[in-house]
Undergrad: 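Below are the structure tokens for one structure; questions will follow.
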Amino acid sequence: MKVRVRFAPSPTGPLHIGGVRTALFNYLFAKKHGGDFILRIEDTDQTRYVEGAEDYIVEAMNWLNIPFDESPAKPGNCGPYRQSERKELYLKYAQDLIDSNNAYYAFDSSEALNEHRKDHEANGKTFIYNWHNREKLDNSLVLSETEVKEKITAGTPYVIRFKSPKDETLHLKDIIRGDIKIDTNVLDDKVLFKSDGMPTYHLANIVDDHLMEISHVIRGEEWLPSLSLHVLLYRAFGWDAPQFAHLPLIMKPVGKGKLSKRDGDKMGFPVFPLQWNTADGATFSGYREDGYLPEAVVNMLAFLGWNPGTEQEIFSLEELVAAFDLSRVSKGGAKFDPDKTKWFQNQYLQLMDESALVSQFQEFLDAKGVSTHIDLGVIAPLLKERATFVEDLWEQGSFFFETPENYDEKATKKAFKEDTPAILENVLTILNALEDFSAGNVSEKIKGWITSQEMGFGKVMMPLRLALVGEMKGPDVFEIASLLGKEETVKRVENAVKFMS
């Protein structure tokens, strides 16, 4: 069978990075095996539907360069790709299960079920609707065919429940977790079709996966408790089940439990790929808007619960496809590390195409209203080594665009001495005399003078850097002078002399 996998999110809000990782692992597995990667929107629960959430999911995947082979916008032969557009399908399959005695109509009211729950709680028990009590409740297993028809004709609300088997041990297989045994006596009779005429996730999911010829279901650990029901549904329909793989949870950086939005808010990192604006005006940060490169986010997510078995950490998407193997996905939760995420971002900024880096830096400067005659193609490579984000280029090199108005206090005490004005006056004489203002020539002339004066280099280089930058930071001071140009360099040294006097 051809490998076909799906990512099936619900459009109930922004896509958490846990969901993005699930999509990524599905994509990597599909491409590794020459298969198809499908987007299916599971929007059967219309009460939780959020406007714009589906567009957000697609935009996030496009930004991360994780393309779908089939989706609502790119239909194949297995559409529609939104469950709300497939709802006419599901009742037929629910009816097939009733006809084969694998499901039944249940007419129990919410009030009646609540009474049963309260009664069980009072006796220290938990109410489960299954083999031990289903023939004492209000359903088609105990009602006659005539009574069932009368109730349905009269419009009595009902659900369709799956009839879980009794006294059986299920032997389930999971690619990541191995063999799993389940005693069917502990399973409840899950609702497959709701009173509002819509299927539950369980029925729609199985029917859609079968009709879309899904070969492997790769999903989050939170769906592991549903595995037994899903395998039983495949058996009840007489269909071959896909292979299952349940991915580990993404855990908090500190403490126990899975990663949540609150962790991001508290520790200052995004948990969504893109910024999300709620209807009531709240804004949640996204990796894109925080300046992360999509390649860095993908690489980081790939290592949350998977490792290649080598020392290599930086992988292109193509390299991830080649290396990916579900057998190397861990069972235990994967702890999220914000610092490691920034490390990946730093690595990818260093690898970034120079023209793209310059273009993004130019956009940043334009947004700040900063114009310059300096060649950004020279500045960006000088600054990027100490940068993690494009905006860090500004933090590292704002002095290229703005003349210092003051000087770092600590550095001033160290660099500006009583004889510094006289030394800088000599430097000005040298600078004014230069016609060739290249970094090499400026360096040669000033260093030559320092040597001829038998002076320590620090007495000149420290105050010169402070004069040009305002702080003790930045690349080679002669590169700075050359890029600023003769006129601006002279002006800044003169400003420093005036400051000291």
Undergrad: Carefully, step by step, assess E221 and R177 under the rule salt bridge (Lys or Arg N to Asp or Glu O under 4.0 Å).
TA: CA-CA 10 Å; E221 181 184 319; R177 292 154 200 283; 3.4 Å; yes
Undergrad: Kindly give the heavy-atom pair with the smallest separation between K194 and P199, and that separation in Å.
TA: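 So the two residues come closest at CE-O, 3.6 Å.
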Undergrad: Would you find more than 12 non-hydrogen atoms of other residues, nucleotides or ligands less than 6.0 Å from R48 atom CZ?
TA: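 No, CZ of R48 has 12 or fewer neighbouring heavy atoms, counting only those of other groups under 6.0 Å.
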Undergrad: Are K491 and E494 ion-paired here, with the side-chain N under 4.0 Å from a carboxylate O?
TA: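 Answer for the salt bridge query: no.
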Undergrad: Measure from the side-chain N and O atoms of Q312 to the backbone N and O of I314, and report whether any donor-acceptor pair falls under 3.5 Å.
TA: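 Looks like yes, one N/O pair under 3.5 Å.
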Undergrad: Are the aromatic ring centres of F401 and W394 under 6.0 angstrom apart?
TA: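 Ring centroids of F401 and W394 are less than 6.0 Å from each other.
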Undergrad: Using side-chain contact (heavy atoms from CB on, under 4.5 Å), reason through I38 and I214 one step at a time and then give a plain yes or no.
TA: CA-CA 9 Å; I38 298 157; I214 299 303; 3.9 Å; yes
Undergrad: Can you find a heavy atom in the side chain of I379 that is under 4.5 Å from one in the side chain of L376?
TA: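 Yes; the side chains approach each other to less than 4.5 Å.
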Undergrad: Quick one: do K2 and E213 make a salt bridge, cutoff under 4.0 Å?
TA: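 No, no charged N to carboxylate O under 4.0 Å.
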Undergrad: Among R40, R6, R82, K87, exactly one meets salt bridge (Lys or Arg N to Asp or Glu O under 4.0 Å) together with D208. Which residue is that?
TA: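 Only one option passes, and that is R40.
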Undergrad: Measure the acute angle between the ring planes of Y201 and H230, then classify it against the limits of 30° and 60° as parallel, tilted or perpendicular.
TA: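 The rings of Y201 and H230 sit tilted, inter-plane angle from 30° to 60°.
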Undergrad: Taking the six-membered ring for Trp, are Y292 and Y348 closer than 6.0 Å centroid to centroid?
TA: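 No, ring centres 6.0 Å or more apart.
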Undergrad: Calculate, to the nearest 0.5 Å, the distance between atoms NZ and CD1 belonging to K31 and I66 respectively.
TA: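 Atom-to-atom, K31:NZ and I66:CD1 are 12.0 Å apart.
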Undergrad: Check the pair R4 / D69 against salt bridge (Lys or Arg N to Asp or Glu O under 4.0 Å), numbers first and verdict last.
TA: CA-CA 10 Å; R4 283 172 62 82; D69 296 300; over 6 Å; no
Undergrad: Do you know which of V427, N426, T451, V477 makes side chain to side chain contact (heavy atoms under 4.5 Å, CB included) with I446?
TA: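 Single pass found, and it is V427.
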Undergrad: About how many Å separate CG of L424 and OG of S501, when rounded to the nearest 0.5 Å?
TA: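 The distance works out to 11.0 Å.
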Undergrad: Between N299 and E295, do the side chains contain an N or O donor and an N or O acceptor separated by less than 3.5 Å?
TA: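 Judged by distance alone, the side chains do not pair up.
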Undergrad: For the OG atom of S84 and the CE atom of M198, what is their distance to the nearest 0.5 Å?
TA: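 Here the interatomic distance stands at 6.5 Å.
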Undergrad: Report the relative orientation of the aromatic rings in W306 and F303; use parallel for angles under 30°, tilted for 30 to 60°, perpendicular for over 60°.
TA: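 Aromatic pair W306/F303 classed perpendicular.
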Undergrad: Between H202 and W223, what is the ring plane arrangement, given parallel below 30°, perpendicular above 60°, and tilted in between?
TA: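 Ring orientation of H202 relative to W223: perpendicular.
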Undergrad: Report, as yes or no, whether the 6.0 Å neighbourhood of atom NZ on K473 holds more than 12 heavy atoms from other residues, nucleotides or ligands.
TA: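 Counting other residues, nucleotides and ligands, NZ of K473 exceeds 12 neighbours.
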Undergrad: When you compare the side chain of E354 with that of L357, does any pair of heavy atoms fall below 4.5 Å?
TA: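 In short, these two side chains do not touch, never coming nearer than 4.5 Å.
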Undergrad: Quick check against the 3.5 Å criterion: does Y56 have a side-chain atom that pairs as donor or acceptor with the backbone of L274?
TA: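 Indeed, once roles are kept as given, a pair shorter than 3.5 Å links the two residues.
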Undergrad: Please evaluate residues V298 and N65 with respect to the criterion side-chain contact (heavy atoms from CB on, under 4.5 Å), reporting the C-alpha separation (whole Å), side-chain torsions for both, the decisive distance (0.1 Å), and the verdict.
TA: CA-CA 9 Å; V298 165; N65 190 32; over 6 Å; no
Undergrad: May I ask you to decide if the ring planes of F416 and F499 are parallel, tilted or perpendicular, using 30° and 60° as cut-offs?
TA: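 Ring orientation of F416 relative to F499: tilted.
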Undergrad: Backbone N or O of E42 within a donor-acceptor pair of the S10 side chain at under 3.5 Å?
TA: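 Pair found, side chain donor or acceptor close to backbone of E42.
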Undergrad: Looking at K335, I'd like to know if its NZ atom is crowded, meaning that more than 12 non-hydrogen atoms belonging to other residues, nucleotides or ligands lie closer than 6.0 Å.
TA: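 Counting other residues, nucleotides and ligands, NZ of K335 exceeds 12 neighbours.
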Undergrad: With no hydrogens and no angle check, is any side-chain donor or acceptor of S482 less than 3.5 Å from a backbone partner on F478?
TA: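 Such a contact is absent between S482 side chain and F478 backbone.
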Undergrad: Just by distance, do the side chain of D392 and the backbone of F389 share a donor-acceptor pair under 3.5 Å?
TA: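 Yes: the side chain of D392 pairs with the backbone of F389.
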Undergrad: Do K417 side-chain atoms and K413 backbone N/O form a donor-acceptor pair below 3.5 Å?
TA: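 Indeed, once roles are kept as given, a pair shorter than 3.5 Å links the two residues.
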Undergrad: Strictly distance-based, threshold 3.5 Å: is any side-chain N or O of E85 a donor or acceptor partner for the main-chain N or O of Y81?
TA: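 No: the side chain of E85 does not pair with the backbone of Y81.
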Undergrad: State whether a side-chain donor-acceptor pair under 3.5 Å links K445 with N441.
TA: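 Indeed, the side chains of K445 and N441 share at least one donor-acceptor pair under 3.5 Å.
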Undergrad: So which atom in R86 and which in L211 form the shortest heavy-atom distance, rounded to 0.1 Å?
TA: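 R86 and L211 have their closest heavy atoms at NH2-CD1, 3.7 Å.
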Undergrad: Could you grab the distance from atom OG1 of T22 to atom CD1 of I250, nearest 0.5 Å is fine?
TA: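 Interatomic distance, T22 OG1 to I250 CD1, rounded to 0.5 Å: 7.5 Å.
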Undergrad: Applying side-chain contact (heavy atoms from CB on, under 4.5 Å) to V460 and M455, what does each step give before you reach the verdict?
TA: CA-CA 8 Å; V460 180; M455 190 184 299; 3.6 Å; yes
Undergrad: I'd like to know whether F336 forms a ring pair (Phe, Tyr, Trp, His ring centres under 6.0 Å) with F269, so could you lay out the CA-CA distance, the side-chain angles of the two residues, the decisive distance to 0.1 Å, and finally the verdict.
TA: CA-CA 11 Å; F336 181 79; F269 61 83; 4.9 Å; yes
Undergrad: Minimum heavy-atom separation for S215 and M1, please, with both atom names.
TA: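 In terms of heavy atoms, the two residues are closest at CB-SD, 3.6 Å.
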Undergrad: Taking the six-membered ring of F344 (Phe, Tyr or Trp), confirm whether the NZ or CZ of K340 is under 6.0 Å from its centre and within 45° of its axis.
TA: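 Flagged: K340 positioned over aromatic ring of F344.
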Undergrad: Do K486 and L431 have side chains that approach each other closer than 4.5 Å (heavy atoms only, starting at C-beta)?
TA: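 With C-beta onward as the side chain, the pair stays apart.
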Undergrad: What residue among V329, L227, I176 forms side chain to side chain contact (heavy atoms under 4.5 Å, CB included) with H246?
TA: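 When side chain to side chain contact (heavy atoms under 4.5 Å, CB included) is applied between H246 and each of V329, L227, I176, only L227 qualifies.
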Undergrad: Establish, from distance only, whether the side-chain atoms of S260 and D263 form a donor-acceptor pair under 3.5 Å.
TA: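 Checked: S260/D263 side chains pair up, N/O donor to acceptor below 3.5 Å.
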Undergrad: Give me the atom names and distance for the closest heavy-atom approach of P475 to L383.
TA: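 In this case the closest contact between P475 and L383 is CD-CD2, 4.0 Å.
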Undergrad: Identify the heavy atoms of G458 and P463 that sit nearest to each other, and give their distance.
TA: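 Scanning both residues, the minimum pair turns out to be O-CD, 3.5 Å.
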Undergrad: Carefully, step by step, assess L24 and L64 under the rule side-chain contact (heavy atoms from CB on, under 4.5 Å).
TA: CA-CA 9 Å; L24 173 63; L64 292 165; over 6 Å; no
Undergrad: Taking A481's backbone N and O only, do any of them form a donor-acceptor pair with T489's side chain (distance below 3.5 Å, no angle check)?
TA: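 Side chain of T489 to backbone of A481: a pair is present.
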Undergrad: Once rounded to the nearest 0.5 Å, what's the spacing between atom CG of N346 and atom CG of L351?
TA: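 The CG atom of L351 is 9.5 Å from CG of N346, to the nearest 0.5 Å.
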Undergrad: Can you name the closest pair of heavy atoms from V217 and R219 and give their distance?
TA: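 Of all heavy-atom pairs spanning V217 and R219, the closest is CG1-CD, 3.6 Å.
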Undergrad: Is any NZ, NE, NH1 or NH2 atom of the basic residue among E222 and K258 found under 4.0 Å from an Asp or Glu carboxylate oxygen of the other?
TA: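 So E222 does not pair with K258 through a salt bridge.
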Undergrad: Hey, is the main chain of V191 close enough, under 3.5 Å, to the side chain of T200 for a donor-acceptor pair?
TA: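 Here the side-chain-to-backbone pair exists.
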Undergrad: Decide, yes or no, whether a salt bridge links K459 with D419 under the criterion of side-chain N to carboxylate O below 4.0 Å.
TA: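 Between D419 and K459 there is a salt bridge, with a charged N closer than 4.0 Å to a carboxylate O.
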Undergrad: Look up atom CG in L483 and atom CD1 in I480, then write down how far apart they are to the nearest 0.5 Å.
TA: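 L483 atom CG to I480 atom CD1 measures 8.5 Å (nearest 0.5 Å).
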